[in-house]
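A short write-up of the structure that comes next.
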Amino acid sequence: MDTSKHHHEPKRKAPLKALIVDGQNNHAVWPKATLMMKQYLEETGLFQVAIYRTRFTWGAEREKEYLPLAGVGATTDLENPQHDPDFAPMFKNYDVVISNFGWKAADWPEDTQKAFEEYMSSGGGFVSFHAANNSFPDWLEYNKMIGLGGWGDRTEKDGPYVYYTNEGELVRDPSPGKGGAHGPSHIFPITIREKDHPITRGMPKVWLTTKDECYSQLRGPAENMTVLATGKDVSGKAPTDRHEPMLMVLDYGKGRVFHTTLGHDDFSIESVGFITSFLRGAEWAATGKVTQPIPDDFPTAENSTSRDFKWKIDGQ
């Protein structure tokens with residue numbers, strides 16, 4: 001009789017704990033975007049995902065059918081972003097925090113800001129998703145975490161522009177000007193600048209997004225920051241003629257930050273390039289390593305690839 005069977009199975013490591021914070025975003029897709037990211041993360045088998053939302057929401061109208069699916073209880077959608085004095089996630093219970101806040105999101109309570117700074121400096125993980133780099137222009141430590149931001153009256157006072165020239169030179173440009181611009185949504189090329197980083201290792205040197213916004217003229221402290229990949233606006237209405245940071249990593253104290261500017265709308269978040277870089281970035285922010293392979297349907301310099309999103313009720 002074989003009694004040893006149960007003793008030799010490898011113990012499954014408990015999944016990484018991820019927290020998506022959201023509630024106020026100028027991007028109408030946000031309630032759906034949160035659930036897309038949650039499902040993508042959970043489908044890897046690596047993550048268990050919770051959502052923490054401000055009780056006053058803003059910009060939820062278009063995708064309101066997704067609001068209750070987050071399982072966070074009732075919230076109130078308002079005409080304008082409003083400060084939620086009770087917004088206080090337990091950051092320290094999570095391996096990685098993902099922000100799906102956007103432009104004009106009301107400031108977090110001061111204690112919550114301090115708790116997040118403490119969480120990050122002592123070794124937490126953070127993912128800044130698309131418009132999260134528009135948020136909180138006056139919160140200095142947050143701007144150090146994201147490295148570069150846009151809009152919210154960001155100017156040269158907030159730090160330099162950072163970009164690659166068409167000749168491949170990395171530039172930090174302190175000249176005066178506003179922070180944040182983009183042309184129309186379109187398919188554009190991503191160029192990998194650090195091919196040996198765990199997040200980008202194995203990706204083709206150039207690959208195409210789906211229809212998305214190519215953020216440009218981002219500026220900020222840009223300290224302890226590595227630009228992993230850039231995007232080039234080829235819409236014909238580009239705000240700049242240069243390669244703009246799209247995927248970045250930063251150190252903040254002992255914490256790790258993955259910053260992606262991609263993901264403007266649901267069709268952007270369905271991009272295999274977005275999904276793969278987001279999932280690998282989240283794993284790296286949580287652990288410092290990446291175990292997920294580059295999938296077979298990853299885009300190339302010639303082909304943009306995407307996956308139709310279908311919400312699976314309770315993982316069915």
Side-chain angles (χ1 to χ4, degrees), residues 18-39 49-91 94 97-116 126-143 145-146 148-154 158 178-182 185 212-213 215 218 220 259-269 274 278 309 311:
L19 178 69
I20 302 175
V21 290
D22 72 7
Q24 302 179 8
N25 197 321
N26 56 313
H27 288 68
V29 73
W30 75 258
K32 182 178 182 183
T34 285
L35 291 171
M36 293 175 80
M37 292 189 286
K38 178 181 196 286
Q39 185 162 299
V49 185
I51 297 165
Y52 195 109
R53 180 165 290 164
T54 49
R55 80 186 141 115
F56 307 117
T57 62
W58 174 62
E61 180 59 31
R62 190 189 94 188
E63 304 291 351
K64 60 178 182 281
E65 76 210 68
Y66 285 92
L67 286 173
L69 301 178
V72 296
T75 51
T76 310
D77 205 46
L78 300 174
E79 285 293 303
N80 292 293
Q82 186 175 313
H83 175 73
D84 175 2
D86 301 323
F87 183 78
M90 292 297 287
F91 299 118
Y94 297 92
V97 175
I98 297 145
S99 175
N100 186 17
F101 282 91
W103 176 72
K104 261 179 75 174
D107 286 341
W108 295 356
E110 205 165 317
D111 287 351
T112 304
Q113 293 184 7
K114 289 280 174 290
F116 190 56
F126 179 47
V127 174
S128 173
F129 159 67
H130 193 56
N133 77 18
N134 303 190
S135 304
F136 316 135
D138 302 322
W139 179 6
L140 180 64
E141 295 307 311
Y142 180 81
N143 284 277
M145 290 178 207
I146 61 173
L148 295 171
W151 299 275
D153 298 321
R154 285 175 170 90
D158 298 289
K178 63 169 192 170
H182 59 76
S185 290
D212 207 337
E213 281 178 344
Y215 272 10
L218 300 177
H259 178 167
T260 176
T261 65
L262 300 172
H264 174 66
D265 210 332
D266 48 10
F267 45 77
S268 318
I269 303 167
F274 170 82
F278 167 72
F309 176 76
W311 173 246

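Just so you know, residue 1 is the first one in the sequence shown, and it goes up from there.
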Exercise. Can you tell me which residue pairs pass the salt bridge (charged side-chain N to carboxylate O under 4.0 Å, His left out) test with a partner in residues 18-28, sequence neighbours excluded?
Key: D22-R53
Practice problem: Quick one: list whatever passes side chain to side chain contact (heavy atoms under 4.5 Å, CB included) with D86, sequence neighbours left out. | Solution: R55, D84
Quiz item: Sequence neighbours excluded, which residues qualify as side chain to side chain contact (heavy atoms under 4.5 Å, CB included) partners of P109?
Solution: H83, F87, T112
Quiz prompt | Approximate separation, where rounding is to 0.5 Å, of I146 CD1 and S135 OG | solution = 7.5 Å
List, one per line, each side-chain donor-acceptor pair under 3.5 Å for residues 100-108, sequence neighbours excluded.
unit_1, atom_1, unit_2, atom_2, d
N100, OD1, N25, ND2, 3.3
N100, ND2, W30, O, 3.1
N100, ND2, T34, OG1, 2.8

Quiz prompt | Where at least one partner belongs to residues 133-143, residue pairs that pass salt bridge (charged side-chain N to carboxylate O under 4.0 Å, His left out), sequence neighbours excluded | solution = E141-K144
Quiz item: By side chain to side chain contact (heavy atoms under 4.5 Å, CB included), which residues pair with E61, not counting sequence neighbours?
Solution: K64
Quick one: side chains of residues 127-134, donor-acceptor pairs under 3.5 Å with protein atoms, not counting sequence neighbours, listed by atom name and distance.
unit_1, atom_1, unit_2, atom_2, d
H130, ND1, T261, O, 2.5
H130, NE2, H27, NE2, 3.1
H130, NE2, E213, OE1, 3.4
H130, NE2, Y215, OH, 3.3
H130, NE2, H264, ND1, 3.3
N133, ND2, H259, NE2, 3.0

Quiz item: What is the distance from atom CG of D158 to atom CG of N143, rounded to the nearest 0.5 Å?
Solution: 6.5 Å
Exercise. Quick one: do D212 and F274 satisfy side-chain contact (heavy atoms from CB on, under 4.5 Å)? Show the steps, please.
Key: CA-CA 10 Å; D212 207 337; F274 170 82; 5.5 Å; no
Quiz prompt | Pairwise side-chain contact, Y142 with F126, heavy-atom cut-off 4.5 Å (strictly under) | solution = yes
Exercise. Report the distance from atom CD1 of I20 to atom CD1 of I98, rounding to the nearest 0.5 Å.
Key: 5.0 Å
Quiz item: Side chains of P137 and D153: does their closest heavy-atom pair fall under 4.5 Å?
Solution: no
Atom pairs and distances, side-chain donor-acceptor, residues 68-79, under 3.5 Å, sequence neighbours left out:
unit_1, atom_1, unit_2, atom_2, d
D77, OD1, T57, OG1, 2.6
D77, OD1, W58, N, 3.2

Practice problem: Check whether any side-chain N or O of Q24 sits under 3.5 Å from a backbone N or O of G59 as a donor-acceptor pair, and report yes or no. | Solution: no
Quiz item: Looking only at heavy atoms, what is the nearest atom pair of G220 and L148, with distance?
Solution: N-CD2, 3.6 Å
Exercise. Kindly determine whether W139 and F116 satisfy side-chain contact (heavy atoms from CB on, under 4.5 Å), including the steps that lead there.
Key: CA-CA 12 Å; W139 179 6; F116 190 56; 3.9 Å; yes
Practice problem: Write out all pairs satisfying salt bridge (charged side-chain N to carboxylate O under 4.0 Å, His left out) with one or both partners inside residues 65-76, taking only residues at least two apart or from two chains. | Solution: none
Quiz item: Who passes side chain to side chain contact (heavy atoms under 4.5 Å, CB included) against D266, sequence neighbours left out?
Solution: V29, K32, M36, R62, E63
Quiz prompt | Derivation of the side-chain contact (heavy atoms from CB on, under 4.5 Å) call for V21 and T54 | solution = CA-CA 8 Å; V21 290; T54 49; over 6 Å; no
